[in-house]
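Have a look at the structure that comes next, please.
All values derive from a computational prediction rather than experimental measurement. For the numbers below, each heavy atom of this structure counts, side chains included, while hydrogens, waters and symmetry mates do not.
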Amino acid sequence: MTAVGDIGGISTIPGTSSTDRRAVISLLRRLRSDEGQTDPLPIWEELRSMGDVVRAPWGGYFVTGFKACSQVLRGRNWLVPDFAWQERRPDQERWEAPATREMTRTLIRLNAPAHTCQRRSLGNPFDRSSIEDMRPGVAALVSGLLDGLEDRLRADGEADFVSLVAEQLPIHTVGRWIGIDPEDHARILDFTHRQVYAQELLPAKSELAISAQATLEMRAYFTGLIRHRRANPGHDALTGLIHYWDSQYPDDRAAADRVIYDLTMFITIASLETTSVLLANIAWLLTRDPSRADWLRQHPEHIDDAIEETLRYDPPIFVNSRIAADDTVLAGVPMPKDTTVHVLYGAAAHDPRRNPSPGVFDIRRGGGHLAFGGGAHYCLGAGLARLEARELLAQLLERFPTLRPSAPPSYDTSRVVFRRITSLEVTV
């Protein structure tokens, strides 16, 4: 993800009419509003109606069509905005923000060969065999969280699904895999919610300041965790990373620790915001229409289809950015080297050329989405997120046949890139 300054003071770009510029700015502002967070579909449709690639107010382009978005995410001639790219930007002060620099060292902002090296060190941690091994543990976690949901529903008549279940399942799952003390979960969720402002498309200076403080807390926590695990190795992923990178840097403990920190921190926080939104979306989309949940309860073989349709209909991440590695052409538009494009996942998934009648939530659609990205940067935790969603949905349907939302989800409307559902009140 890339980030730029406030859209209010941007000058007109040559070749872009002031009318088009104002229209795009208006749509972006609407996307950050209560209306846009609750129902972004009309905004995606308006952007897509302007073309498969739409000039951004600050330069570069938004990419709206499914085919074009897929080409960018999977193409080798499209890079992520790494340090080398940032150093070529005129607004160096923006890229010196502490939280931005912290995230630029992580997998999501690395290109080959650095990305290849770090990704290879992880292997395929969530392949089919590993997922099957993790399934009983995830199922037990889901059962315990739903016990808590049931207790709250019995006591109060309604409960917040997000705070009790959707946020807790990802941190418990990845925490167990890495070896994190459950007593630290609340602390990690807190600084994660604040740190991701730095990864937004349009962060304000005040939001970057919030992210800077969260970054200090995040760094202190994970460096302390690594130090403790060195002294107390276990049978967890963090211990494995320590062994691997110590062998790669036998004479440079600081270099090893830096990579271990980058990987451990990124894997942890990357799995929280996105998966919690997926889980909350599933609960909302399946329980708001009782007939939909009833049908799926009678046809559990379509649970995976329901998860994929949820990812398509309302993806947890709205925007991702790439940079043209060389002069190229995208959807008929020339793209000089270093051109920035912003892939709009939701607009792509609602492209009627790929998914007919895209505004209809259809469990049996069998359509396509790009919610987990593509190519070298395909989401490392896609299999884990699907496992969590599958186990949650199966138990939710069985245990709560009359679960209903008592109000629509509430969103953090300061976000554009990383959506965050702050609450979803449910009742039975």
Quiz item: Does Ile317 reach the side chain of Arg419, with side-chain heavy atoms less than 4.5 Å apart?
Solution: no
Quiz item: In terms of side-chain heavy atoms, does Asp82 have a donor or acceptor partner in Asn111 at a distance below 3.5 Å?
Solution: yes
Quiz prompt | Minimum side-chain heavy-atom gap Glu273-Thr192 below 4.5 Å | solution = yes
Self-check item: Tyr61 side chain near Val333 side chain, heavy-atom distance below 4.5 Å
Solution: yes
Quiz prompt | Any side-chain heavy-atom pair of Ile180 and Tyr221 under 4.5 Å | solution = yes
Quiz item: Salt bridge between Glu309 and Arg292, side-chain N to carboxylate O under 4.0 Å?
Solution: no
Quiz item: Taking all non-hydrogen atoms of both residues, which atom of Cys69 and which atom of Leu370 are closest, and how far apart?
Solution: CB-CD1, 3.7 Å
Quiz prompt | Side-chain ion pair, Arg390 and Asp304, N-O less than 4.0 Å | solution = yes
Quiz item: Could Asp236 and Arg176 be called an ion pair, given the rule that one side-chain N must be under 4.0 Å from one carboxylate O?
Solution: no
Quiz item: Is the cationic atom of Arg415 (NZ for Lys, CZ for Arg) positioned less than 6.0 Å from the six-membered ring centroid of Tyr197 and within 45 degrees of its normal?
Solution: yes
Practice problem: Using a 4.5 Å cut-off on heavy atoms from C-beta on, say whether the side chain of Leu380 contacts that of Pro125. | Solution: yes
Exercise. Identify, with sequence neighbours excluded, every residue that meets side chain to side chain donor-acceptor pair (under 3.5 Å) alongside Arg399.
Key: Asp147, Glu150
Quiz item: Is any side-chain N of the basic residue among Glu217 and Arg194 closer than 4.0 Å to the acidic one's carboxylate O?
Solution: yes
Practice problem: Answer whether the closest heavy-atom distance between the side chains of Ile178 and Thr268 falls below 4.5 Å. | Solution: yes
Quiz item: Going by heavy atoms in the side chains, are His115 and Arg109 under 4.5 Å from each other?
Solution: no
Quiz item: Are Asp190 and Arg187 within salt-bridge range, i.e. N to O under 4.0 Å?
Solution: no
Self-check item: Electrostatic pair Arg386-Glu308, nearest N-O below 4.0 angstrom
Solution: yes
Self-check item: Heavy-atom closest pair, residues Thr104 and Leu110
Solution: O-CD2, 3.8 Å
Quiz item: What pair of heavy atoms forms the shortest contact from Ala23 to Met50, and how long is it?
Solution: CB-CE, 4.4 Å
Exercise. State, with a plain yes or no, whether a side-chain heavy atom of Glu167 is found less than 4.5 Å away from one of His193.
Key: yes
